[in-house]
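See structure below.
Note: hydrogens, waters and symmetry copies are ignored here, and every other heavy atom, side chains too, is used.
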Amino acid sequence: MERDATVAAALIAAARELSVRLSRLSFGPPISHVYDPLSYAWSGHECYLRRYAASARKILFLGMNPGPFGMVQTGVPFGEVTAVRDWLGIQVEVAKPLLENPWRPVEGFACTRSEVSGRRLWGLFRERFGSADAFFAEHFVANYCPLAFFDHGRNLTPDKLPAAEAEPLHAACDVHLRLVVSVLQPAWVIGIGAFAAERAAVALAGTSVRIARVLHPSPASPAANRGWAAAATRQMLALGAWS
């Protein structure tokens, strides 16, 4: 895998800037807690960027936001603990958020709950490409929004935010996505689910990047539960993004 330290450095600086910008936003009820893994789990995210954001990429997979047992715990997009530790080879100390949600504690790599979406996503890539280096030679995985939102024990996704809260969030995340694309120069941005694809289409309007979507691997999706890996592979082949 080709390595260019300036690529990782640019994405690290962009992630830090996004975290600072989002720290200035506020969110009202029913949101009880907001987690920013780019802050308390920075060690995991920085390690991910330094190791795998090493040069231009053909395909950028774009998720929506962190899951409670994935990136919330590890700092890595779709960061199911076992996949991050055993396949990506990342295991770091993760701190606690300033205001921890007692219903969704941050246990870092000691978390024993499996993030199903992350297990499915990284499991497909492991099955198809074998090694992480082989996958990242032409691919990268990022999230549109780095924040996780909770109503006590319930996970809230950013597509459910009221317009007054969503607009400044989208503005910051759009800027960040455009910068990521300018650095990685992908031919494709593949939204993992409808929300990510729709936001990519808005943020990247007027560019030459091809935008498409695959089924989200969430267990809340009946279609994903009927064989997500096979369905996503068929979609990627039909697009011509994979061969």
Which residue pairs satisfy the side chain to side chain donor-acceptor pair (under 3.5 Å) criterion with at least one member in [range], sequence neighbours excluded?
range: residues 226-243; value: His139-Trp242
range: residues 85-99; value: Lys96-Glu100
range: residues 25-47; value: Ser19-Asp36, Trp42-Glu46, Glu46-Arg50

Partners meeting side chain to side chain donor-acceptor pair (under 3.5 Å) with Arg104 (sequence neighbours left out)
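Partners of Arg104 by the side chain to side chain donor-acceptor pair (under 3.5 Å) criterion come out as none, since no residue qualifies.
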Tell me the closest heavy-atom pair linking [X] and [Y], and the distance in Å.
X: Asn225; Y: Pro219; answer: ND2-O, 2.7 Å
X: Ala15; Y: Leu38; answer: O-CD1, 3.7 Å
X: Ser55; Y: Leu184; answer: O-CD2, 3.4 Å
X: Val141; Y: Phe136; answer: N-CE2, 4.4 Å
X: Leu60; Y: Ala142; answer: CD1-CB, 4.1 Å
X: Pro146; Y: Cys173; answer: CD-SG, 4.1 Å

Connected via hydrophobic side-chain network under 4.5 Å: [X] and [Y]:
X: Val116; Y: Phe78; result: no
X: Leu169; Y: Val20; result: no
X: Leu179; Y: Val175; result: no
X: Leu177; Y: Val202; result: no

Could you pull out all residues at least two apart from [X] that satisfy side-chain contact (heavy atoms from CB on, under 4.5 Å)?
X: Glu115; answer: Pro68, Phe69, Glu80
X: Ala166; answer: Leu161, His170
X: Ala53; answer: Leu11, Leu49, Phe140

With rounding to the nearest 0.5 Å, note down the distance linking CG in Asp159 to CG in Asn65.
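One gets 8.5 Å once the value is rounded to the nearest 0.5 Å.
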How long is the span from the CD1 atom in Ile31 to the CG atom in Leu147, to the nearest 0.5 Å?
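One gets 9.5 Å once the value is rounded to the nearest 0.5 Å.
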What residue pairs, at least two apart or across chains, pass salt bridge (Lys or Arg N to Asp or Glu O under 4.0 Å) with a residue in residues 8-33?
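Counting only pairs at least two positions apart or across chains, no salt bridge (Lys or Arg N to Asp or Glu O under 4.0 Å) contact touches residues 8-33.
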How would you list all residue pairs meeting salt bridge (Lys or Arg N to Asp or Glu O under 4.0 Å) that involve residues 164-192, not counting sequence neighbours?
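Found Asp174-Arg199.
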Mind checking what makes ring-ring contact (aromatic ring centres under 6.0 Å, His included) contact with Phe125, not counting sequence neighbours?
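Only Phe61, Trp122, Phe135 meet the ring-ring contact (aromatic ring centres under 6.0 Å, His included) criterion with Phe125.
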In the structure I gave you, are the side-chain heavy atoms of Met71 and Asn143 within less than 4.5 Å of one another anywhere?
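Yes, side chains in contact.
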Would you say the side chain of Leu239 lies within less than 4.5 Å of the side chain of Ile190, judging by non-hydrogen atoms?
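Contact flag for Ile190/Leu239 side chains = yes.
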Between [X] and [Y], is there a donor-acceptor pair closer than 3.5 Å when you use the side chain of the first and the backbone of the second?
X: Glu127; Y: Leu124; answer: no
X: Arg213; Y: Ala197; answer: no
X: Gln73; Y: Pro105; answer: yes
X: Thr74; Y: Val81; answer: no

Without placing hydrogens or testing angles, list every side-chain donor-acceptor pair under 3.5 Å for residues 148-156, not counting sequence neighbours.
residue, atom, partner, partner atom, Å
Asp151, OD2, Arg154, NH2, 3.1

For Met64 and Cys145, what are the C-alpha separation, side-chain angles and deciding distance, and is it a side chain to side chain contact (heavy atoms under 4.5 Å, CB included)?
CA-CA 6 Å; Met64 177 165 49; Cys145 170; 5.9 Å; no
Pair Leu204, Val181 - check side chain to side chain contact (heavy atoms under 4.5 Å, CB included), show working.
CA-CA 9 Å; Leu204 302 173; Val181 166; 4.0 Å; yes
Are Ser131 and Asp133 close enough, and set up right, to give a side-chain hydrogen bond (donor to acceptor under 3.5 Å, both in side chains), and what steps lead you there?
CA-CA 5 Å; Ser131 71; Asp133 281 350; 5.7 Å; no
ring-ring contact (aromatic ring centres under 6.0 Å, His included): which pairs involve residues 175-211, sequence neighbours left out?
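Those involving residues 175-211 are Tyr144-Phe195.
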